[in-house]
Amino acid sequence: MPRTKPKPRPPPPASRDGTARQWAPGRLPEEFPLHALVDEEGRLAQGAAVPVPDAELVALYRWMVLERQLDERMITLQRQGRIGFYVGSIGEEATVFGSAAAMAPQDWIFPSYREHGAAFLRGLPLEAFMCGLLGNAGDPGRGRQMPCHESWAPGRFVSISSPVATQLPQAVGVAWAARIRGDDVVPLVYFGDGSTSAHDFHTGLNFAAVQRLGVVFACRNNGWAISVPRERQTASETIAQKAIAYGMRGERVDGNDLLAVLDATRRARARAAAGEGPTLLEFVTYRLEGHSTSDDPRAYRPAEVVEPWKKKDPILRLRRLLQRRGLLDEAAAAALLEEVRVEIQAALRQAEAKPAKPPVESLFEDVYAVPMRQQVEQLAELREAMAADPRVANPRHVDGA
Amino acid sequence: MPRTKPKPRPPPPASRDGTARQWAPGRLPEEFPLHALVDEEGRLAQGAAVPVPDAELVALYRWMVLERQLDERMITLQRQGRIGFYVGSIGEEATVFGSAAAMAPQDWIFPSYREHGAAFLRGLPLEAFMCGLLGNAGDPGRGRQMPCHESWAPGRFVSISSPVATQLPQAVGVAWAARIRGDDVVPLVYFGDGSTSAHDFHTGLNFAAVQRLGVVFACRNNGWAISVPRERQTASETIAQKAIAYGMRGERVDGNDLLAVLDATRRARARAAAGEGPTLLEFVTYRLEGHSTSDDPRAYRPAEVVEPWKKKDPILRLRRLLQRRGLLDEAAAAALLEEVRVEIQAALRQAEAKPAKPPVESLFEDVYAVPMRQQVEQLAELREAMAADPRVANPRHVDGA
Amino acid sequence: MPVMNIIQAVNDALRLEMRRDPSVVVLGEDVGAFGGVFRATAGLQQEFGAARVIDTPLAEGGIVGTAIGMALYGLRAVPEIQFADFIFPAFDQIVNEVAKYRHRSGGQYPCPITIRTPYGGGIKGGHYHSQSPEALFIHTPGLKVVCPATPRDAKGLLAAAIRDPDPVLFLEPKRVYRAAKGEVPEGELVLPLGQAAVTRVGTQVTLIAWGAMWHEADRAAAEAAAEGIDVEVLDLRSLQPLDLDAIVASVRKTGRAVVVHEAPRTCGFGGELSALIQEHCFLSLEAPVVRVTGFDTPFPYTLENEYLPRAPRILKALRETVNF
Amino acid sequence: MPVMNIIQAVNDALRLEMRRDPSVVVLGEDVGAFGGVFRATAGLQQEFGAARVIDTPLAEGGIVGTAIGMALYGLRAVPEIQFADFIFPAFDQIVNEVAKYRHRSGGQYPCPITIRTPYGGGIKGGHYHSQSPEALFIHTPGLKVVCPATPRDAKGLLAAAIRDPDPVLFLEPKRVYRAAKGEVPEGELVLPLGQAAVTRVGTQVTLIAWGAMWHEADRAAAEAAAEGIDVEVLDLRSLQPLDLDAIVASVRKTGRAVVVHEAPRTCGFGGELSALIQEHCFLSLEAPVVRVTGFDTPFPYTLENEYLPRAPRILKALRETVNF
Ligand SMILES: Cc1ncc(C[n+]2csc(CCOP(=O)(O)OP(=O)(O)O)c2C)c(N)n1
Ligand SMILES: Cc1ncc(C[n+]2csc(CCOP(=O)(O)OP(=O)(O)O)c2C)c(N)n1
Ligand SMILES: [Mg+2]
Ligand SMILES: [Mg+2]
């Protein structure tokens, strides 16, 4: 059942003094400082507490290391032609793991396309993910989408689509449905800074705020949308202040600080669950690598601008914190690294052992719950064509020679 | 040539004190008071000056009276079945005439659908407008669109389309083109409070702000989008504060105060022309009547809520100001009223004397600059059908009996 | 049996489905307290509350986008788009999202929503309150497209659409919203999607139509009968899935076909039907399949009678086809 | 004559038009300093400055919407949509605004913009980097739709599109962006819109294709020739306006036709062509018009070779058609 309707807040009073007041950029008071808990040296801010038990903190560190290793390995694989495409989160790991770890297990996650780390947290096996990269018979998505467009319903990790920001109103719909059903479920939805320009950003935030729906809007502000820097995406000083347009809460968070991300997301989740409505979180981070394997950032971004951000590496920072707190020494760190490498290698081997293609009928399934006449007839047509000429299924015979 | 690129403003500094700061609705300082120059009794605010010469002020009063009379007459005409549809601006006249009068003659106007008053200011003859209402052979729009979807290129008054807010990015494009051409041209674009929810509101404001283009965004916040009140359209306390999301200026203006509207629009226009970028103006007003002649507001809005707004009538307020300043006495007001009635009646008589339908070939013209094969063949097909059976062009012979 | 018009039948179906299944939710612009600009949702908010009959902000992409989330979660969302002409701001959510959700997720995320929208001309709506965009959605695999012509079909097909496991675009012929009256069974009525109705049996020519134009087709067939032309009339009712068997059976019998639709001719659904008929009935065809359609222009205001493919133009086509 | 690929030809046309006419403006995502994700606008910002070659925010509706304003003002805006799959957020601006501006204003406001976008499959792009939405736009009166297959045509038709008084959707076959190479005249080249090219003269069957699939058709025709089937191949080049005369002349001669396109079959442009051929060549047709197309599914990733109507499937259709 819906919570009580929010009372419309009264607008500010009229001034009849004949002078015009208008909001001008730059006059925004410092309402959006960057929330951080750990500095680059791994020192916890005075008075701050670590928001998770030690074991979980180490586990999150391990995930971040695994993700980094995975990204690097897959990028290499793509260069070798073993997978077709890859999009990773190098430098942005804390935004993904910190936020996903802050949610409750029943919560839904709407990814953009860099957040497969959140799917791992929700139980997506590494091997299944890699089958998706290969688009082979082991892919839970049945080889239908590009690499890094995974779905994982058992973990309430929603299917990825390429058109950016479409997932925002969809996440709002889940919050709405959960409220109608009376369930304690809060959606977390990811998107990039570039995606704030898309129209679904606007409709998503507006619908959520009007209905006071509990949604965590998580913007990974990594400074770039392919070749377009954030300043050419929006003239607002921060992404967080866009919350004001919707009468919603907004917060700017150091996205390379796992603890700050976790903390801010947890508070946003708590408010959502308490019926206090949505929050726009801006995770300030940086895309250290190219947009994807299809991209070469040297064409539009001098290497120097990246340098300062390398020092802010979220994994390094967390490692320093762990070291300071005696939770991880050099040896353990090295062992952990080796362990995740082995894990990745094993998953890859298993994934590559699967048949390279899903069966041909899989193309015609899931268009509708039950294939209609066209799908049935066209499958037969395709089968017949394949039987008549093996080149139908084989690019080399046609395109190459 | 484009003005110098705006320097990206620095974001607020980081706080590493371990405490989270976040913007929360309600904490907005009183940045958006209602700008007003004349009170309901017609008294000018202390220290304020009337921003136009007396003669222009009286002329604007006349326009507002004419518009009100026109609306009332056309609504009656629609009830009598003499026109098919009408949408007026009763109670909102000051938002239209105040803003349009503040622009330079070379500026472009992008209407939503209640602003034919601005077209009159730009020279659209009343008779041509009425031909549009009748959709007859005298309509400059050639009877192709519903009533109140006029175009008037000689006055740089752009063609109206029904889908709301589409005109916002288009107006931005005009500002962009003018900058490229080096012209001193500022577009003024109108839209309603409901239209701020549409996706083109977002893209329009964002593109303008990023490029620092001189556009005057004029929101007629009349409290309603058909049956949906403003509070269910957005949770923000004001429309003006949405400017913050785009790093743009915003101002809240008493939309029933012609002078305040004129003053605010003029300042926004001046800034636009000076290369200082776009402004979002919120004109706070009220839709005293139904959404259009298709609507009956009694189904969703108790009559009482309208009462207080009737007292704020913008025409009454301006009349009181004129009286106070000795620019209009009772007799002159009565004469003026009679004059506009006669003018309307004369235009109507002339319009109704025009042939009821544009020629049949007009349907196939202007789809392309030169009709293509389909249009030519289909016109022939239609002509042949009409020759064979007169019922083709006549509804009664088919639908009625 | 009570006599209803199409608005009442739609309202009845929505009410019954909402009573039957608490997961059915209606959302859109002005659908709540006001009951919709055409009154199709009148009384629903009063009966089911504002949580299940929701006035949304003015953004079709948001309406469909949030309906998707509801559907993923397990609700049966029934968004209303106020006029089919305003569906385009939601086009990306419909064509790239709704239609592909099940497929792209490997079957993990079905997305069964039913988008209701009044379509078509004949109400003096001009460019933006008259369009018939069915072809755009029929061309999109993953969507079903339904378009009833009568109150009974409106009720039974809407119930079926809401219960269907796939997303459905439900096009309501607003030109005959009130004019088309007929007997409608009380209580539950669910008609299968994908079955055409042979509304008039004939031998000389098959006349295919749907929605508002079916009424014109019916009229034209009656006039043709008076001239001694024996027309078989098919009301398709569902455009995707299509009852190809019914079409093929009829055209194999008559050897001639005329297809009617309001949308512009080029790349309209009539082209697809013409192609299908030719593919399946090539050896039976005694005349080319003829299309009587809206013209390749935007929909006009004053000349809308000239634009619409009404009975006189259909009759002319029938005559020419049988005399080919 | 220099040899170019399609990217280079597009780039060349843009450069020459920008040099020739200061009112030509290019805008889109990543088109500026970076030169576009496919490099089609490479070097343009360097030559013409950031005022005329503009990186926009990530919003297709804003790109087309602002391009409209530029066009109304008198510029010749050439927006790029990064992939045709991402054109749908701009659908309302294209279908309700661009297409209807001239008509709805009684001819007062023409809106001549040229929207460039790479379309089609075969680059392992899956659901969202492979679609062929031409039918949706051909169905929209007011738009022209052009789709070149070769570098020469890409250059000459793009120049014509930019100069055309009407809005043009310019679909670029990204599958052969680099693979299709050919001689392209230096300097100004303007080819008329609405003329198909007969790229192979034959007598037994007419094979109709455009864009990337023309290359497959060409291949299939060559293979068919080796089997003794004499195929006439038409590259449509412009889909709206359509060179119906060329199609009719060819089919009246051959009596048979095969149409190829990547988009899903149902309600694709193939249906329209099939209907037109039947309407104009009924008495000449010796076999039904056959459609070799993408299937009625979303575009797949791994099985894209199976999905695409490549030469082997076309060849099969040619054989069956001549043996009907
Ligand atoms: C609607 C749409 N337009 C264009 C694209 C092409 N595209 C893919 S990612 C991207 C940039 C996105 O930037 P951002 O939102 O900041 O996310 P990031 O990649 O930085 O994580 C673009 C333009 C797309 N996917 N969807
Ligand atoms: C995209 C779109 N959706 C729906 C409509 C139907 N409609 C016409 S006017 C209107 C309300 C607009 O409200 P607002 O923007 O506040 O303008 P007002 O009528 O109050 O001046 C609606 C929903 C439309 N014209 N366009
Ligand atoms: Mg980014
Ligand atoms: Mg309003």
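Within every chain, numbering begins at 1; the chains are lettered A, B, ... in the order of the sequence lines, protein sequences first and strands thereafter. What you see below is based on every heavy atom in this structure, not just the backbone, and it leaves out hydrogens, waters and symmetry mates.
- Two residues are said to be in side-chain contact when any heavy atoms from C-beta on lie closer than 4.5 Å; T203(A) and E60(C) fail this criterion.
- Here the CD atom belonging to Q93(C) is positioned 6.5 Å from the NE2 atom belonging to H199(A), to the nearest 0.5 angstrom.
- For the set P57(C), P89(C), G107(C), the entry with the most heavy-atom pairs within less than 4.5 Å of chain A is P57(C).
- In terms of non-hydrogen atom pairs under 4.5 Å with chain C, the most contact-rich of G141(A), S161(A), A208(A) is S161(A).
- By the 4.5 Å heavy-atom criterion applied to side chains, T66(C) and Q170(A) are not counted as neighbours.
- Taking P163(A), S159(A), A177(A), A175(A) one by one and counting their heavy-atom pairs under 4.5 Å with chain C, the maximum is reached by S159(A).
- Heavy-atom distances place no part of A67(C) under 4.5 Å from chain A, backbone and side chain included.
- Of the listed residues V64(C), N96(C), L27(C), L72(C), the one with more heavy-atom pairs under 4.5 angstrom with chain A than any other is L72(C).
- Atom CD of Q108(C) sits about 10.5 Å away from atom CD of E150(A), to the nearest 0.5 Å.
- Contacts between L168(A) and chain C at a heavy-atom distance below 4.5 Å are absent for every atom of the residue.
- A salt bridge between R373(A) and D245(C) is present, with a side-chain N of the basic residue lying under 4.0 Å from a carboxylate O of the acidic one.
- Considering only heavy atoms from C-beta on, S23(C) comes within 4.5 Å of R181(A) through its side chain.
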Step-by-step side chain to side chain donor-acceptor pair (under 3.5 Å) determination, R144(A) to H103(C): CA-CA 8 Å; R144(A) 290 180 184 142; H103(C) 199 259; 3.3 Å; yes

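- Between the NZ atom in K100(C) and the CD atom in Q145(A) there is a gap of 10.0 Å [rounded to 0.5 Å].
- Contact of K144(C) with chain A is made through backbone and side chain together, with heavy-atom distances under 4.5 Å.
- Heavy atoms of V185(A) lying under 4.5 Å from chain C belong exclusively to its side chain.
- The side-chain heavy atoms of D366(A) and Y109(C), taken from C-beta on, include no pair separated by under 4.5 Å.
- Between chain A and the residues D92(C), L244(C), L242(C), the most heavy-atom pairs under 4.5 angstrom are made by L244(C).
- Residue S151(A) touches chain C through both its backbone and its side chain, counting heavy-atom pairs closer than 4.5 Å.
- Interatomic distance, Y368(A) OH to Q240(C) CD, rounded to the nearest 0.5 Å: 4.0 Å.
- For chain C, no part of S162(A) is nearby; none of its heavy atoms comes within less than 4.5 Å.
- One finds the OG1 atom of T166(A) at 3.5 Å from the CD atom of E97(C) (value rounded to the nearest 0.5 Å).
- Looking at Q374(A), only its side chain comes within 4.5 Å of chain C, counting heavy atoms on both sides.
- The line from CD of Q211(A) to CD1 of I54(C) is 6.0 Å long, rounded to the nearest 0.5 Å.
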Under the criterion ring-ring contact (aromatic ring centres under 6.0 Å, His included), I'd like the reasoning laid out for W176(A) against Y73(C): C-alpha separation, chi angles, the key distance, then a yes or no. CA-CA 9 Å; W176(A) 211 332; Y73(C) 197 81; over 10 Å; no

